[in-house]
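Worksheet for the structure shown next.
Sequence positions, counted from 1, serve as the residue numbers for this chain. Here the structure is a predicted model, which means the values were calculated and not measured.
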Amino acid sequence: MVAASGLALPRVAAPCPARPRGGLRPALLRFAPPVALPPHQLRCCASTVDDGLVSAAASKPRLPRVVGMGSKLVGCGSAIPTLGVSNDDLSKIVETSDEWIAARTGIRNRRVLSGDETLRGLSIKAAQRALEMAKVKAEDVDLVLLCTSTPDDLFGGATQVLTDVGCTKAFGFDITAACSGFIVGLITATRFIKGGGFQNILVVGADALSKYVDWTDRGTCILFGDAAGAVLVQACSADEDGLLGFCVQSDGNGQKHLNAATANDESILSNTNGVPGFPPKKATYSCIQMNGKEVFRFAVRCVPQSIEKALQEAGLPASSIDWLLLHQANQRIIDAAASRLDIPSDKVISNLANYGNTSAASIPLALDEAVRSGKVKAGDIIAASGFGAGLTWGSAIVKWG
């Protein structure tokens with residue numbers, strides 16, 4: 001999530017250590033390489049639950065799981081709201097203009113939820129389209145990861161999405177990492193395949209930041225839009241692994257520059273029965289607060305570094321990248337990263353002008369358009385990077401198909 005120009009964090013997070021392919025990763029999402037054991041020692045069976053509350057399809061035993069597998073991206077899909085809001089529309093609400101917004105951000109239009117539309121509905125459509133492209137049945141999905149910071153339900157939405165899509169055998173949970181969410185979800189999916197023997201995982205990136213925007217603040221309301229995007233990550237042999245390298249980092253010192261903190265509702269329960277501060281006041285979320293200058297500075301510095309670390313882990317030079325696909329926050333950030341990595345503009349994927357910053361949806365939304373238009377083809381190497389609130393940022397070097 002970004003706006004205008006600049007972020008020198010008080011502390012720079014330590015870079016991801018480079019390591020030989022197959023070496024140990026010391027963090028939560030990192031697993032040691034599989035040990036060469038006889039096939040029967042690499043297999044474990046998932047237990048099933050049959051208590052009358054689970055459908056007949058869900059009670060059928062799964063195939064044995066095989067750990068140590070690689071991962072590949074075999075399908076994608078996306079969905080957007082029907083209501084379009086142009087820069088000219090915004091100029092009727094706040095003091096701005098199409099020229100002012102486009103020059104500073106590259107954004108000209110965005111889509112916003114309206115009427116009966118929900119983030120859940122967009123997520124379901126995106127997931128269904130990803131399954132259709134992948135030619136995978138919903139009942140063959142093992143896990144659904146909903147990457148969002150704006151679920152329709154405070155307790156999360158992955159379970160509703162997987163149920164409505166028909167993933168009767170799948171487990172699901174939400175991942176909250178704002179604009180870095182999809183990258184975190186993608187890497188998480190590959191670790192479940194490698195370490196848990198899962199076969200098919202839906203990763204959905206979806207956000208509706210319009211619900212948390214102050215539409216009287218021209219510094220933020222011009223930036224954001226709503227959307228959902230999804231990919232189907234599938235197990236494959238280790239030598240076909242499509243995740244070539246990755247790097248994920250975070251630094252809470254920058255949280256003050258980009259947040260939507262909780263605030264107390266002063267109107268609730270004045271009678272505390274003599275106990276100071278009890279009961280707690282009703283909480284609500286504030287509108288998005290952002291120091292655009294500092295966030296910009298953070299992004300143009302940390303994103304190229306993150307991609308370089310991921311490339312180093314993959315053992316690839318920047319010249320091997322077929323497509324640069326960054327979180328769609330600000331065109332000037334995208335251009336600055338491409339320039340540092342010496343990637344020509346014709347290898348940069350950008351749909352920011354049409355949709356604005358859609359947070360966790362931005363990377364899979366842009367990927368889906370690029371794949372369906374024929375721009376991205378099987379075997380292409382993509383350098384993808386997400387960055388935003390937390391502050392969090394991460395990159396993945398992946399092969400499509």
Side-chain angles (χ1 to χ4, degrees), residues 1-2 13 15-16 25 27-30 71-73 76 78 126 130 143-149 158 173-194 201-207 227-233 241-251 254 258 295 298-299 302-314 321 323-329 333-334 337 341 348-350 352 357-368 370 376 381-400:
M1 303 200 252
V2 178
C16 288
R25 293 179 179 273
L28 176 63
L29 296 179
R30 300 170 180 174
S71 308
K72 59 182 178 180
L73 279 64
C76 57
S78 61
L143 177 65
V144 175
L145 303 176
L146 179 59
C147 309
T148 183
S149 296
F173 61 91
D174 287 31
I175 291 177
T176 301
C179 301
S180 304
F182 178 76
I183 292 295
V184 175
L186 177 62
I187 295 169
T188 301
T190 67
R191 301 307 91 184
F192 268 96
I193 289 173
K194 183 174 291 293
I201 300 178
L202 268 172
V203 182
V204 182
D207 266 311
V231 296
L232 194 285
V233 184
D241 195 1
L243 179 65
L244 308 178
F246 70 86
C247 176
V248 283
Q249 296 176 267
S250 57
D251 190 334
L258 181 54
V295 175
F298 145 72
C302 292
V303 171
Q305 290 176 353
S306 176
I307 293 174
E308 288 169 345
K309 292 297 180 183
L311 283 169
Q312 184 178 3
E313 181 185 276
I321 296 173
W323 300 104
L324 178 66
L325 175 53
L326 304 187
H327 163 52
Q328 306 287 292
I333 292 174
I334 297 172
L341 295 166
V348 177
I349 297 174
S350 176
L352 177 69
N357 181 342
T358 57
S359 191
S362 74
I363 292 176
L365 173 63
L367 175 64
D368 185 47
V376 172
I381 294 176
I382 304 168
S385 186
F387 50 92
L391 293 170
T392 61
W393 64 104
S395 300
I397 311 301
V398 297
K399 184 183 296 184
W400 174 255

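- Among the candidates T148, L145, V144, the single residue satisfying the side-chain contact (heavy atoms from CB on, under 4.5 Å) test with D174 is T148.
- A pairwise comparison of heavy atoms in G185 and I175 identifies CA-CD1, 3.7 Å as the closest pair.
- Evaluated for a side-chain contact (heavy atoms from CB on, under 4.5 Å) with I363, the options L186, I349, L325 yield exactly one hit, L325.
- Distance check: I333 CD1 to C302 SG gives 11.0 Å after rounding to the nearest 0.5 Å.
- Residues S395 and I187 come closest through the heavy atom pair O-CD1, 4.3 Å.
- Closest heavy-atom contact between A227 and A361: O-CB, 3.3 Å.
- Summarising the geometry, atom CG belonging to L243 is positioned 5.5 Å from atom CZ belonging to R191; distances are rounded to the nearest 0.5 Å.
- In this structure, the side-chain contact (heavy atoms from CB on, under 4.5 Å) partners of S362, at least two apart in sequence or on a different chain, are H327, Q328, T358.
- Counting heavy atoms from C-beta outward, V398 and F246 have side chains that stay 4.5 Å or more apart.
- Between the side chain of S149 and the main chain of A178, a donor-acceptor pair closer than 3.5 Å is present.
- Side chain of S78 to main chain of A126: no donor-acceptor pair is present (N/O by atom type, distance under 3.5 Å, no hydrogens or angles).
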Q) Is there a side chain to side chain contact (heavy atoms under 4.5 Å, CB included) between S71 and D241 once you walk through the steps? A) CA-CA 5 Å; S71 308; D241 195 1; 4.2 Å; yes

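- Among all heavy-atom pairs drawn from A299 and P304, the shortest one is O-CD, 3.7 Å.
- Between the side chain of T188 and the backbone N or O of V184 there is at least one donor-acceptor pair closer than 3.5 Å.
- Within the 4.5 Å cutoff, side-chain heavy atoms of I307 are placed close to those of L324.
- For the atom pair CD (Q312) and CD1 (I397), the distance works out to 11.5 Å, reported to the nearest 0.5 Å.
- Nearest heavy-atom pair across L146 and A206 is CD1-CB, 4.3 Å.
- Minimum interatomic distance between A329 and F387 (heavy atoms only, all atoms of both residues): CB-CE1, 4.0 Å.
- With contacts defined as side-chain heavy-atom distances shorter than 4.5 Å, the pair I183/S385 does not qualify.
- In this structure, D207 contributes its side chain and A360 its backbone to a donor-acceptor pair below 3.5 Å.
- Two residues are said to be in side-chain contact when any heavy atoms from C-beta on lie closer than 4.5 Å; I382 and L73 fail this criterion.
- In this structure the side chain of F298 reaches within 4.5 angstrom of the side chain of W393, judged on heavy atoms.
- Using a 4.5 Å cut-off on side-chain heavy atoms (C-beta onward), W323 and L367 make no contact.
- Taking CD of Q249 as the reference point, atom OG of S306 lies at 6.0 Å (rounded to 0.5 Å).
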